[in-house]
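Reviewing the structure listed below.
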Amino acid sequence: MNADIIKENLKEVETRINAACTRAGRERDEITLIAVSKTKPVSDIETVLGENISVFGENKVQELTEKYELLPKDIRWHLIGHLQTNKVKYIVDKVAMIHSVDSLKLAEQIQKEAEKKGIICNILIEVNMAREESKFGVYEEDVEALILEIAKLPNVHICGLMTIAPNVEEAEKNRKYFRKLRQLNIDIKMKNIDNVTMDELSMGMTGDYEIAIEEGATMVRVGTGIFGERNYRTS
Ligand SMILES: *Cc1c(COP(=O)(O)O)cnc(C)c1O
C-alpha cells in the first residue's frame, strides 16, 4: 500500500481516538493503539513504525515469527489470534502479550515454555461475549474459574480481558458487549487475586473502536483502518 495513504489513515485513526477520549472524559495515553498488520508486508509495517507506532498485532504464529526476524527488535508484538498449544514454543519469548488465552491447557503450555526460557508471559483471557459459535473464547460465566486456575501458574501473568465483538453494520450494537466486559474486568479485579492485575481491556477493531474506547478499552486493535482492506488471496 502507498505509504502516504497509510500515514493519512493513521492520522484519521488518531483523530477519532482523541475524539472518543474527549467524549468519554479519558486521556489519550490510557489507550494503546495496536496496529494489526496481518497479511500486510513488512514495508507497510515500516511506514507505520516511521510514524512512531511500535505496537503491532498478528494473528498467526508463523507470520509473526517471520516478521519478527525481519524487523527491529524493539517492536512490541501482540498475538491476537487463536493459538495452538504446539506453537506456543515459537512465540512465547517474542511477544509482549498473548490476547487469546481461552483454556487452562493452553495456559499450562505457556507456563511450560515461559519457565524454560526464564520469562513471565503476559496474557489476556479471550471472552466470547456474544456467544458466537464461530468464535473462540470462554463464556463470561466461566471466566473467573479459569482465571483462578491460571493465576497459580507462576510464569503466566493475567493482565485483563479481550473480546472480538460481532461483525455488525452498526457499531453501536456492540456497546453492550464492551460495557459488560469492562464490568467483568472490574468485578474480577476487586477480588485481588494474586498474580492477576486486570488493568487491560483489549476491545474494539476498525468498525467499533470508538465505542470500545467510550466503554473503557485500554487497547484497540485496528487493521483495515490503518493498512486498508486485506487481500487474503495474494498474502
Ligand atoms: C484482524 C483482527 C483485528 C483487526 O480487524 P480490522 O477490522 O481490520 O481492524 C482485530 N482483532 C483481531 C483478533 C483480529 O484478528
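Both counts, for ligands and for their atoms, begin at 1 and track the order of listing. This chain uses plain numbering: 1 for the first residue, then up along the sequence.
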From the list Arg26, Arg175, Arg182, salt bridge (charged side-chain N to carboxylate O under 4.0 Å, His left out) partner of Glu215 resolves to Arg175
Report the part of His99 in contact with ligand 1, treating N, CA, C, O as backbone and CB onward as side chain, heavy atoms under 4.0 Å; options are side chain, backbone, both, neither.
-> neither
Element-labelled atoms of ligand 1 that are located less than 4.0 Å from some non-hydrogen atom of Thr206 = 6 (P), 7 (O), 8 (O), 9 (O)
Axial cation check for Tyr68 ring with Lys94, 6.0 Å and 45° limits | yes
Just go through Ile226, Thr224, Val220 and tell me whose heavy atom is the nearest to atom 8 (O) of ligand 1.
-> Thr224
Answer yes when Arg28 and Glu14 have at least one side-chain N-carboxylate O distance shorter than 4.0 Å, and no when they do not.
-> yes
Glu30 and Thr218 side chains, donor-acceptor separation under 3.5 Å | no
Val222 neighbourhood, listing ligand 1 atoms whose heavy-atom distance to it stays under 4.0 Å | 9 (O)
Residue, atom name and distance, where the atom is the protein heavy atom closest to atom 2 (C) of ligand 1 | Lys38 NZ, 2.5 Å
Contacting atoms of ligand 1, where contact means under 4.0 angstrom from a heavy atom of Arg221 | 4 (C), 9 (O), 10 (C), 11 (N), 12 (C), 13 (C)
Using side-chain contact (heavy atoms from CB on, under 4.5 Å) as the criterion, point out the one residue from Glu132, Arg131, Met129, Lys173 that pairs with Pro166.
-> Glu132
Backbone or side-chain N or O of Ile80 under 3.5 Å from ligand 1 N or O = no
Could you tell me whether Glu108 and Lys105 have a side-chain N and a carboxylate O separated by less than 4.0 Å?
-> no
Report the nearest protein non-hydrogen atom to atom 5 (O) of ligand 1: residue, atom name, distance rounded to 0.1 Å.
-> Met205 CE, 3.5 Å
